[in-house]
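Inspection log for the structure reproduced underneath, given as structure tokens.
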Amino acid sequence: QVQLVESGGGLVQAGGSLRLSCAASGRTFRNYAIAWFRQAPGKEREFVARIVWSGYSTYYADSVKGRFAISRDRDKNTIYLQMNSLKPEDTAVYYCAAGGVVTVVPTMYPYWGQGTQVTVSS
């Protein structure tokens, strides 16, 4: 049973920073991609960033490139999303997802966490 548990969301002012965590358990993620998605009210879920568990390959949405950084701690089985220079438009529920296909398409990820709210005030 794969479990993904996000934490670290909250309320922050524009220009501030937050670090989200995604604790993964239930299987070996060696060849898996772990991704962060977000969904704002009334909008579709959108890709934010992804990392391949076994290596250091990362990929970002243009909207967050240069501001967000995804990383992983293999010993802790945890993926992080460091978010800097936050903007009000970054406000959303952030989800981590895991899957065997390296992709930005949310439907290709079979495992999802429950999400964590990030609110950026102007």
May I have all residue pairs that pass salt bridge (charged side-chain N to carboxylate O under 4.0 Å, His left out) and include part of [range], sequence neighbours excluded?
range: residues 70-82; result: none
range: residues 20-44; result: R38-E46, R38-D90
range: residues 101-122; result: none

Which residues share a ring-ring contact (aromatic ring centres under 6.0 Å, His included) with Y60, sequence neighbours left out: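 For Y60 there are no ring-ring contact (aromatic ring centres under 6.0 Å, His included) partners, ignoring immediate neighbours.
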
[X] and [Y]: which non-hydrogen atoms are nearest, and at how many Å?
X: S21; Y: T78; value: CB-CG2, 4.2 Å
X: V102; Y: V52; value: CG2-CG2, 3.9 Å
X: V101; Y: A33; value: O-CB, 3.9 Å
X: V120; Y: K87; value: CB-O, 3.3 Å

Transitive ILVMFWY cluster of V5, excluding itself - 4.5 Å side-chain cut-off: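 For V5, no cluster forms, as it stays isolated from other hydrophobic side chains.
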
Members sharing L11's hydrophobic cluster (side chains within less than 4.5 Å):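 None; L11 is a cluster of one.
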
With V104 via side-chain contact (heavy atoms from CB on, under 4.5 Å) - residues at least two apart: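 So V104 forms a side-chain contact (heavy atoms from CB on, under 4.5 Å) with F47, Y59.
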
Those residues that, when tested against P110, pass side-chain contact (heavy atoms from CB on, under 4.5 Å) (two or more places apart):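 For P110, no residue satisfies side-chain contact (heavy atoms from CB on, under 4.5 Å) once neighbours in sequence are set aside.
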
Rounded at 0.5 Å granularity, tell me how far [atom1] in [X] sits from [atom2] in [Y].
X: Y32; Y: I79; atom1: OH; atom2: CD1; answer: 13.5 Å
X: L81; Y: L18; atom1: CG; atom2: CG; answer: 9.5 Å
X: L20; Y: S7; atom1: CG; atom2: OG; answer: 8.0 Å
X: S71; Y: I34; atom1: OG; atom2: CD1; answer: 12.5 Å
X: Q13; Y: S122; atom1: CD; atom2: OG; answer: 9.5 Å
X: C22; Y: L4; atom1: SG; atom2: CG; answer: 4.5 Å

Candidate pair S57 and R50, rule side chain to side chain contact (heavy atoms under 4.5 Å, CB included), full reasoning: CA-CA 8 Å; S57 172; R50 65 105 178 115; 3.1 Å; yes

Any pair counted as ring-ring contact (aromatic ring centres under 6.0 Å, His included), so long as it reaches residues 78-118, sequence neighbours left out: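 Every ring-ring contact (aromatic ring centres under 6.0 Å, His included) pair that includes a residue of residues 78-118, provided the two are not neighbours, is F37-Y109, F37-W112.
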
Pairing residues for K65 by the salt bridge (Lys or Arg N to Asp or Glu O under 4.0 Å) criterion, not counting sequence neighbours: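 So K65 forms a salt bridge (Lys or Arg N to Asp or Glu O under 4.0 Å) with D62.
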
Co-membership, hydrophobic cluster, residues M83 and V12, 4.5 Å side-chain: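 Both belong to a single hydrophobic cluster.
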
With Q3 via side-chain hydrogen bond (donor to acceptor under 3.5 Å, both in side chains) - residues at least two apart: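 Q3 satisfies side-chain hydrogen bond (donor to acceptor under 3.5 Å, both in side chains) with no residue once adjacent residues are dropped.
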
Partner set under side-chain hydrogen bond (donor to acceptor under 3.5 Å, both in side chains) for S17, not counting sequence neighbours: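 Expected list: N84.
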
Side chain to side chain contact (heavy atoms under 4.5 Å, CB included) evaluation trace for I51 with W36: CA-CA 9 Å; I51 188 167; W36 287 96; over 6 Å; no

Derivation of the side chain to side chain contact (heavy atoms under 4.5 Å, CB included) call for E6 and Q114: CA-CA 7 Å; E6 302 98 332; Q114 82 289 351; 2.8 Å; yes

